[in-house]
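Below is one structure, written out as structure tokens; the observations come after it.
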Amino acid sequence: MGFKLPPLSSLRVFEAAARLGSFKNAAEELNITASAVSHAVQNQEDWLGVELFRRGGGKLELTEPGAAYASAIGKAIKAIADATARLPGRRSQGRLTLSSAPGFAARWLMPRLSGFTERYPGISVDIQTSIELVDLPMEGIDAAIRLAPAARAMPHWTHLLKESLVPVCSPALRKKYAKLSGLELIAKAELIHMTAIPGDWAEWFRIVGVEQPATVHAGLRVDSTHMALEAARRGLGVALGRMPLFDVEIETGQLVRIFDDDVASGLSYWLVTMDADFQSEDVKVFRQWLLDELGGSGHAGSKQRAPKAARSMT
């Protein structure tokens with residue numbers, strides 16, 4: 001006897017709407033219209049004879065039966081996604097969906113990506129930027145690049161490179177304070193803060209073992225690596241350069257180091273994939289290409305020591 005199943009296409013739409021809490025967001029994920037999502041959910045409710053969502057007042061909430069059903073259906077769909085991802089002998093799909101930390105995608109990956117597409121012209125690449133945790137098979141993601149400490153890394157993650165920190169500013173700003181030491185300059189100049197990174201400058205002062213100046217919380221605040229870099233380049237203050245994302249501007253003289261040496265942030269970029277035995281052919285060749293690129297970068301060999309300095313700043 002066969003299974004009595006609801007319409008599977010509507011079931012997938014319901015799962016997305018329940019997980020995301022929005023018909024609009026579900027429509028964007030599934031590449032359909034919001035009205036199509038609403039219609040599919042209504043079909044599901046009609047088939048089941050149960051109201052799954054409460055609608056009204058601009059809010060969308062799961063009913064108690066809807067929440068229980070969403071939990072069970074989510075687990076079932078995840079099991080299907082996992083089984084599909086782990087199916088042995090899968091051929092190249094010709095498309096790689098990658099989720100990457102935004103700064104790494106824009107500053108490191110994009111300038112080099114033509115090398116991958118030239119080597120593998122049969123593989124199209126979709127890049128989504130995010131810093132959130134990702135469920136690879138469930139969200140349709142083949143691989144992810146994330147910044148994380150080694151303690152959080154799983155055995156099947158691939159280490160790409162270590163992040164290091166060095167304060168940077170425009171050549172004009174450094175010239176303006178040419179008579180000051182590096183730490184004196186940091187105490188005097190405006191600091192550019194990245195609000196997307198917890199700690200930011202406070203973490204740098206902790207790592208180098210220097211007391212924070214009273215002015216540490218003053219200065220421009222931005223929410224991305226790109227904006228911090230641009231602000232520093234335009235002389236608006238001192239930014240905390242996160243290597244390798246600031247490499248090009250330093251190499252071309254658009255920014256200058258305030259100290260000769262980097263300090264390790266304690267974080268690294270990792271390629272997050274399924275277990276090695278279950279990686280798709282597309283993921284395997286992308287992983288090897290990344291390692292080939294990093295093998296010639298020379299960044300891993302940069303000096304990483306705390307700056308020689310007094311232990312406090314006033």
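Predicted model, so just to flag it, every value in this text is computed and none were measured.
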Q. Under the ring pair (Phe, Tyr, Trp, His ring centres under 6.0 Å) test, which residues partner Phe116, sequence neighbours left out?
A. Tyr120, Phe286, Trp289

Just wondering, do [Y] and [X] contact through their side chains at under 4.5 Å, heavy atoms?
X: Val285; Y: Glu281; result: yes
X: Glu190; Y: Leu220; result: no
X: Leu20; Y: Glu28; result: no
X: Phe53; Y: Leu62; result: yes
X: Ser268; Y: Trp157; result: no
X: Leu109; Y: Leu98; result: yes
X: Leu5; Y: Leu11; result: no
X: Glu230; Y: Met227; result: no

So, does [X] use its side chain to make a donor-acceptor pair with the main chain of [Y] at under 3.5 Å?
X: Asp142; Y: Thr97; value: yes
X: Thr195; Y: Arg221; value: no
X: Ser71; Y: Ala68; value: no
X: Ser10; Y: Asn43; value: no
X: His193; Y: Trp201; value: no
X: Glu61; Y: Arg54; value: no
X: Thr63; Y: Leu52; value: yes
X: Asp200; Y: Met194; value: yes

With a 4.0 Å cut-off on N to O distance, would you call [X] and [Y] a salt bridge?
X: Arg107; Y: Asp247; answer: no
X: Lys162; Y: Asp262; answer: no
X: Arg119; Y: Glu293; answer: no
X: Glu184; Y: Lys188; answer: no

Do [X] and [Y] land in one hydrophobic cluster if side-chain heavy atoms of ILVMFWY residues count as linked below 4.5 Å?
X: Val256; Y: Trp204; result: no
X: Leu160; Y: Met110; result: yes
X: Trp47; Y: Ile77; result: yes

Show the nearest heavy-atom pair for residues [X] and [Y], with the distance to one decimal.
X: Asp282; Y: Gly94; answer: OD2-N, 3.3 Å
X: Ser99; Y: Arg146; answer: OG-NH2, 2.8 Å
X: Ser130; Y: Pro102; answer: O-CD, 3.9 Å
X: Ala143; Y: Leu271; answer: CB-CD1, 4.0 Å
X: Val50; Y: Pro65; answer: CG1-CB, 3.8 Å
X: Val222; Y: Ile192; answer: CG2-CG2, 4.3 Å

Q: Please indicate whether Arg55 has more than 12 foreign heavy atoms, meaning atoms of other residues, nucleotides or ligands, lying under 6.0 Å from its CZ.
A: yes

Q.
Does His159, at its NE2 atom, have more than 12 non-hydrogen atoms belonging to other residues, nucleotides or ligands within less than 6.0 Å?
A. yes

Side-chain donor-acceptor pairs of residues 171-178 under 3.5 Å, sequence neighbours excluded:
unit_1: Arg174; atom_1: NH1; unit_2: Tyr177; atom_2: O; d: 2.9
unit_1: Arg174; atom_1: NH2; unit_2: Leu180; atom_2: O; d: 3.1

Distance (rounded to the nearest 0.5 Å) between [X] [atom1] and [Y] [atom2]:
X: Ile186; Y: Ile258; atom1: CD1; atom2: CD1; value: 5.0 Å
X: Thr273; Y: Ile141; atom1: OG1; atom2: CD1; value: 13.5 Å
X: Leu240; Y: Phe246; atom1: CG; atom2: CZ; value: 8.0 Å
X: Leu267; Y: Ser164; atom1: CG; atom2: OG; value: 11.0 Å
X: Glu249; Y: Leu229; atom1: CD; atom2: CG; value: 4.0 Å
X: Phe14; Y: Leu8; atom1: CZ; atom2: CG; value: 14.0 Å

Q: Take Asp261 and Val166 through the side chain to side chain contact (heavy atoms under 4.5 Å, CB included) test and state the conclusion after the steps.
A: CA-CA 7 Å; Asp261 301 329; Val166 61; over 6 Å; no

Q: Fit a plane to each ring of Phe104 and Trp108, take the angle between them on a 0 to 90° scale, and name the class: parallel (under 30°), tilted (30 to 60°) or perpendicular (over 60°).
A: parallel

